[in-house]
Amino acid sequence: MLDIFQEGVTGTLRAMSSGLKYPVMIILILLAAFTIFLLGTLIVEYIQEHRYLNVKMPALVDDIRSAGKGHVADKISESALLIRQKEALVEVTRHPELTDLMRESLAIRLIAEEQDFYDRRTRRSDLIAKVGPMFGLMGTLIPLGPGIIALGQGDTYTLSTSLLIAFDTTVAGLAVAAVALCISTIRKRWYNNYMSMLETLMECVLDEVKNEVDYSQAEQTPAPAKPAVSPYSREYKEAQNAQKDEIVSVYKQILAAKREKLGASALTQDFQKAAFLEAQQIVARRAQQRGGAANA
């Protein structure tokens, strides 16, 4: 009974091993073909993009800062950056109506999309570098079983054929993995440089766009009138305290309305900061309206 069970188990495993022989060889051929394709895309990427990327970061940052109002996007488009980098940087400048927090969130989202794009490119070659030796080892071990049996029977031809298949699959798996590993290493070095440049330039563009928005608001907002009383007087201090109390009151009203609408979990630190800035703007507008009404 035990012998029958052992023969059944070993027969099943032998059938599985024999059945995987040709699928493993086909998979190795497909991996080799796809690796050649990835090598071609790497060469094309170098010819079309990487060799033209000749950007000196300090000079480009100075050009962006000295571009002047409304010309930041033009400086970015004229630079020697990659097309994807230009599109991400220009996208931030296209929405001056956004608040600072919303614009920063947009920049973070664009950077995350770029990182995900580069990760998808390197993930394919990383996968081949990992599975190539596995299939090569499977192609090595599978024909050794019949080869050893043939050796016991004195069939040297079958043994030599099995060993030849084992060596061929081993070399193919290792060669595919080595080329894929080189492709991943080169691309990761390129893409780390790309992301470092993009993050630095994104910070610079955010600062410039924020300054442009601040300047435009300063031009539209009339200069505040000088206080009628001395800033050291009791009346002035009372007016300042009353303004602070009003800001806190408006801030609490905004938070209460948002909590009722979105829930307490939505009130993050950034959201509370934005609500406080909104409260300051509301109180400032009320003060201007009261000042205009008093002057009228």
Side-chain angles (χ1 to χ4, degrees), residues 38-39 41-126 129 180-219 268-278:
L38 290 180
L39 184 60
T41 59
L42 179 70
I43 296 173
V44 172
E45 183 179 353
Y46 174 78
I47 294 175
Q48 293 183 350
E49 293 184 353
H50 185 75
R51 69 172 182 169
Y52 295 110
L53 184 64
N54 186 18
V55 178
K56 295 182 179 179
M57 288 295 297
L60 182 57
V61 170
D62 292 339
D63 291 341
I64 293 176
R65 293 191 180 279
S66 61
K69 182 180 178 181
H71 297 286
V72 174
D74 296 335
K75 285 294 182 181
I76 296 173
S77 301
E78 295 171 358
S79 65
L81 293 170
L82 301 177
I83 297 177
R84 295 187 61 86
Q85 292 176 332
K86 292 180 182 179
E87 292 176 352
L89 293 171
V90 172
E91 183 67 23
V92 178
T93 64
R94 290 175 181 167
H95 305 281
E97 73 279 0
L98 299 179
T99 62
D100 294 340
L101 292 176
M102 296 173 65
R103 195 177 296 110
E104 289 178 4
S105 299
L106 175 61
I108 293 173
R109 177 60 181 172
L110 292 173
I111 291 175
E113 290 178 354
E114 290 298 303
Q115 185 66 56
D116 183 64
F117 173 77
Y118 293 138
D119 288 342
R120 287 198 306 270
R121 277 193 170 184
T122 57
R123 196 177 296 128
R124 295 174 293 185
S125 54
D126 286 341
L181 181 61
C182 292
I183 294 174
S184 292
T185 302
I186 294 173
R187 276 185 164 164
K188 285 180 181 179
R189 180 169 57 85
W190 288 357
Y191 296 160
N192 288 335
N193 184 33
Y194 296 167
M195 292 305 302
S196 177
M197 293 173 56
L198 181 61
E199 291 174 2
T200 303
L201 294 174
M202 191 67 78
E203 290 288 342
C204 179
V205 171
L206 286 174
D207 291 340
E208 291 304 311
V209 174
K210 180 180 178 181
N211 292 335
E212 288 182 6
V213 175
D214 292 341
Y215 293 154
S216 61
Q217 291 178 353
E219 293 175 357
T268 61
Q269 184 176 1
D270 292 339
F271 188 87
Q272 294 177 7
K273 181 180 179 181
F276 187 77
L277 294 176
E278 183 180 356

If you look only at distance, which donor and acceptor atoms sit under 3.5 Å apart when one is on a side chain in residues 76-85 and the other is two or more places apart or in another chain?
| from | atom 1 | to | atom 2 | distance (Å) |
| --- | --- | --- | --- | --- |
| Ser77 | OG | Ala73 | O | 3.0 |
| Ser79 | OG | Ile76 | O | 2.6 |
| Arg84 | NE | Glu114 | OE1 | 3.2 |
| Arg84 | NE | Glu114 | OE2 | 3.4 |
| Arg84 | NH2 | Glu114 | OE2 | 2.9 |
| Gln85 | OE1 | Leu82 | N | 3.2 |
| Gln85 | NE2 | Tyr194 | O | 3.2 |

Measuring from atom CG of Leu201 to atom CD of Glu203, what distance do you get when rounded to the nearest 0.5 angstrom?
10.5 Å

Rounded distance (nearest 0.5 Å) linking atom CE of Met195 with atom CE of Met202
8.5 Å

In terms of side-chain geometry, is the basic nitrogen of Arg187 or Asp126 positioned less than 4.0 Å from the acidic oxygen of its partner?
no

Would you give the length of the straight line joining atom CG of Leu89 to atom CG of Leu198, rounded to the nearest 0.5 angstrom?
5.5 Å

Test your reading of the model: is there a side-chain donor-acceptor pair from Asn192 to the backbone of Lys188, 3.5 Å cut-off?
yes

Interatomic distance, CD1@Ile186 vs CG@Leu181, rounded to 0.5 Å, equals 10.0 Å

Enter the distance from Leu106:CG to Ile108:CD1 here, rounded to the nearest 0.5 Å.
9.5 Å

Output all residues satisfying side-chain hydrogen bond (donor to acceptor under 3.5 Å, both in side chains) with Asp119, sequence neighbours left out; order by chain, then residue number.
Gln115

Does a side-chain heavy-atom distance below 4.5 Å link Val205 with Val90?
no

Can you sort out the partners of Thr122 under side-chain hydrogen bond (donor to acceptor under 3.5 Å, both in side chains), two or more places apart, ordered by chain and number?
none

So for atom CZ, which belongs to Phe117, do other residues, nucleotides or ligands contribute more than 12 heavy atoms lying within a distance under 6.0 Å?
yes

I need the minimum non-hydrogen distance between Ala180 and Ala129, along with the two atoms involved.
CB-N, 3.8 Å

Just do the side-chain contact (heavy atoms from CB on, under 4.5 Å) check on Tyr118 and Trp190 with the steps written out, would you?
CA-CA 10 Å; Tyr118 293 138; Trp190 288 357; over 6 Å; no

